[in-house]
Protein chains: 2
Amino acid sequence: MLYDQFHKTRRYFAVDCVIFGYQGEQLKLLLFKRKLEPAKGQWSLIGGWVKEDESTEGAAHRVLQVTTGLKDIYQEQVYTFSHPSRDPGGNVVTVAYYALINIDEKINELIEQHGAQWFPLNTLPQLIFDHSEIVEKALDKLRFKATYELIGKQLLAEKFTLSQLRRLYNEIFQTDFDPGNFRKKVMSLKVLEKTNEKDMSESRKGAFYFKFIEEDETQEKSGPIFKRSI
Amino acid sequence: MLYDQFHKTRRYFAVDCVIFGYQGEQLKLLLFKRKLEPAKGQWSLIGGWVKEDESTEGAAHRVLQVTTGLKDIYQEQVYTFSHPSRDPGGNVVTVAYYALINIDEKINELIEQHGAQWFPLNTLPQLIFDHSEIVEKALDKLRFKATYELIGKQLLAEKFTLSQLRRLYNEIFQTDFDPGNFRKKVMSLKVLEKTNEKDMSESRKGAFYFKFIEEDETQEKSGPIFKRSI
DNA sequence: GCAAAAGTGTTGTAGTTACACCCATGC
DNA sequence: GCATGGGTGTAACTACAACACTTTTGC
């Protein structure tokens with residue numbers, strides 16, 4: 001190969017996935033018992049080696065599919081971690097991705113087979129290596145995205161009430177949005193459509209379900225939709 | 001090594017630097033004539049292989065130091081590009097960084113030795129591989145940073161007038177900020193201090209020079225300082 | 001005096017916050 | 001009827017855009 005003269009290095013190349021889910025009004029993280037030495041059996045992000053003829057996007061996608069059974073999971077590159085001694089097992093460069101998952105029964109079956117478990121963000125166990133830092137960066141990026149566009153499509157069910165959406169935002173930003181103001185702001189974005197169905201489980205009056213309007217990649221980023229009130 | 005059983009791949013690992021400078025009221029990019037096959041002699045970003053026991057941050061720093069002679073250049077990770085066929089010479093994963101440089105005489109000497117040249121952003125030549133995409137992402141990130149905090153410390157001389165700063169922002173966002181409003185906004189951030197010196201070269205009245213207040217990493221990100229008026 | 005940039009002041013508007021208030025319904 | 005979340009309305013406040021205005025100086 002052309003570049004071989006420059007390379008004597010043994011380096012490994014991996015991806016790690018920060019998988020966010022939302023369940024029981026809590027933003028959660030999917031963690032795995034590591035199957036590999038070193039640190040075998042400890043909690044970690046799910047990762048995988050990047051194969052030949054595979055991009056990191058592809059590798060992350062593959063890892064997510066294997067561990068959740070889902071295709072077409074929403075994912076976004078977070079950061080690349082490359083400190084030579086970040087992994088005691090060798091010089092492993094990892095490209096981190098975060099993913100957004102709608103937690104349901106089917107997924108949880110597969111997840112259990114992998115020895116994985118959902119953890120609320122504020123009660124995470126000790127993670128291996130620099131995985132805490134990776135989670136921190138992923139969360140920053142998620143918050144950031146949520147400031148600039150309305151997220152929830154991937155984390156919530158197809159139909160959801162505005163209260164459910166608001167509580168998701170409350171979780172993400174660890175704050176307490178005013179119900180009235182939140183509703184007005186969200187409606188002004190014109191990215192949701194009201195359905196005719198009502199959720200009667202959370203209130204006497206009932207709340208209309210909304211869903212995201214299908215659009216072809218036309219989420220224009222215009223400006224912050226919420227003040228970074230964190 | 002522990003992980004060797006999983007690796008049969010030949011892959012190369014590089015960094016590329018998007019070097020921004022500001023000169024003659026123009027935001028410029030430093031480009032290099034590639035010294036390597038393939039695409040030898042064509043314009044490209046400056047890059048380098050990541051050595052053993054080196055992080056990508058370290059590699060980018062080293063590459064910047066060699067090509068500009070400067071230590072402690074401000075740099076920030078942009079994105080990792082890993083499509084297996086992005087470089088015809090082999091499977092090269094590259095981590096992109098952008099850097100901010102204050103262009104002056106000394107630098108330009110070294111730069112010429114490397115066959116490098118400053119190009120205004122709107123008249124870039126054809127770049128190799130996916131380097132245009134890398135530049136685009138870097139510029140996005142720079143704009144983004146400039147929206148959230150006052151930049152200029154690395155791009156301008158130590159002392160500068162508010163008009164000079166405003167024209168830098170005009171360049172970055174390709175817009176025309178109102179002089180009065182720009183001044184008020186910048187002053188409200190309380191990150192600049194007025195010096196006693198005046199620049200008499202650009203106006204009859206003369207304009208006071210300002211400089212950035214020294215602070216120990218206390219640029220708190222609160223909210224956007226300028227509407228993304230792009 | 002006049003041109004030209006530096007610097008200050010003013011006014012209207014848009015978006016947000018805080019909060020009051022009505023609505024629909026199960027109990 | 002009353003408690004509860006759903007949903008609407010409103011007044012105060014803030015930030016910003018637009019633009020008028022004053023200041024200082026070289027010519």
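Chain naming here is simple, since letters A, B, ... match the order of the sequence lines and numbering starts at 1 in each.
The residue Ser163(A) sits close only to the backbone: its heavy atoms come under 4.0 Å of sugar-phosphate atoms, none of a base. Residue contacts shown for Thr161(B) are absent, as no nucleic acid heavy atom lies under 4.0 Å away.
Mapping Leu162(B) and Lys198(A) onto DNA chain C via the closest heavy atom, the residue that lands nearer the 5' end is Leu162(B).
Scanning both residues, Trp118(B) and Gly21(B), for their nearest heavy atoms gives CZ3-N, 3.4 Å. Residues Glu57(B) and Ser82(A) share a closest heavy-atom pair of OE1-OG, 3.6 Å.
In this entry the distance linking CD of Gln164(A) with P of dG7(D) reads 11 Å, nearest Å. Taking atom NZ on Lys184(A) and atom P on dG15(C), their separation rounds to 13 Å, with Å as the unit. Computed from coordinates, the Met200(B) CE to dA5(C) P distance equals 14 Å when rounded to whole Å. Across the protein-nucleic acid pair, Phe208(A) atom CZ and dC23(C) atom C1' stand 12 Å apart, rounded to whole Å. The nearest whole Å value for the distance from the NZ atom in Lys185(A) to the P atom in dT17(C) is 9 Å. Note: CG (Asp199(B)) to C1' (dA5(C)) measures 11 Å, nearest angstrom. Rounded to whole Å, the distance from CZ on Phe210(B) to P on dA6(C) is 11 Å. Taking atom CG of Asp176(B) as the reference point, atom P of dA17(D) lies 13 Å away to the nearest angstrom.
Partner of Trp43(A) under the ring pair (Phe, Tyr, Trp, His ring centres under 6.0 Å) criterion, out of Phe129(A), Phe119(A), Phe32(A): Phe119(A) alone.
With distances taken from any side-chain atom of Asn181(A) to the nucleotides dA18(C), dA18(D), dC16(D), the minimum falls on dA18(C). Of all nucleotides listed (dC19(D), dC19(C), dT8(C)), dC19(D) comes nearest to the side chain of Asp178(B). Residue Arg183(A) places its side chain closer to dG6(D) than to any other of dT10(C), dG6(D), dT17(C). Considering only the side chain of Ser203(B), dA5(C) comes nearest among dG26(C), dA5(C), dA18(D). Of the listed nucleotides (dA6(C), dG26(D), dG7(D)), dG26(D) has the atom at the smallest distance from the side chain of Arg204(B).
Side chain of His131(B) to main chain of Leu45(B): a donor-acceptor pair is present (N/O by atom type, distance under 3.5 Å, no hydrogens or angles).
Under the side-chain hydrogen bond (donor to acceptor under 3.5 Å, both in side chains) criterion, Gln75(A) pairs with no residue, sequence neighbours left out. In terms of the side-chain contact (heavy atoms from CB on, under 4.5 Å) criterion, residue partners of Lys205(B) (sequence neighbours excluded) are, by chain and number, Ser203(B).
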Output one line per pair: protein atom, nucleotide atom from nucleotides 20-23 of chain D, and distance, for all N/O pairs under 3.5 Å.
residue	atom	partner	partner atom	Å
dT23(D)	O2	Lys205(B)	NZ	3.1

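Using cut-offs of 30° and 60° on the angle between ring planes, the pair Phe212(A) and Phe160(A) is tilted.
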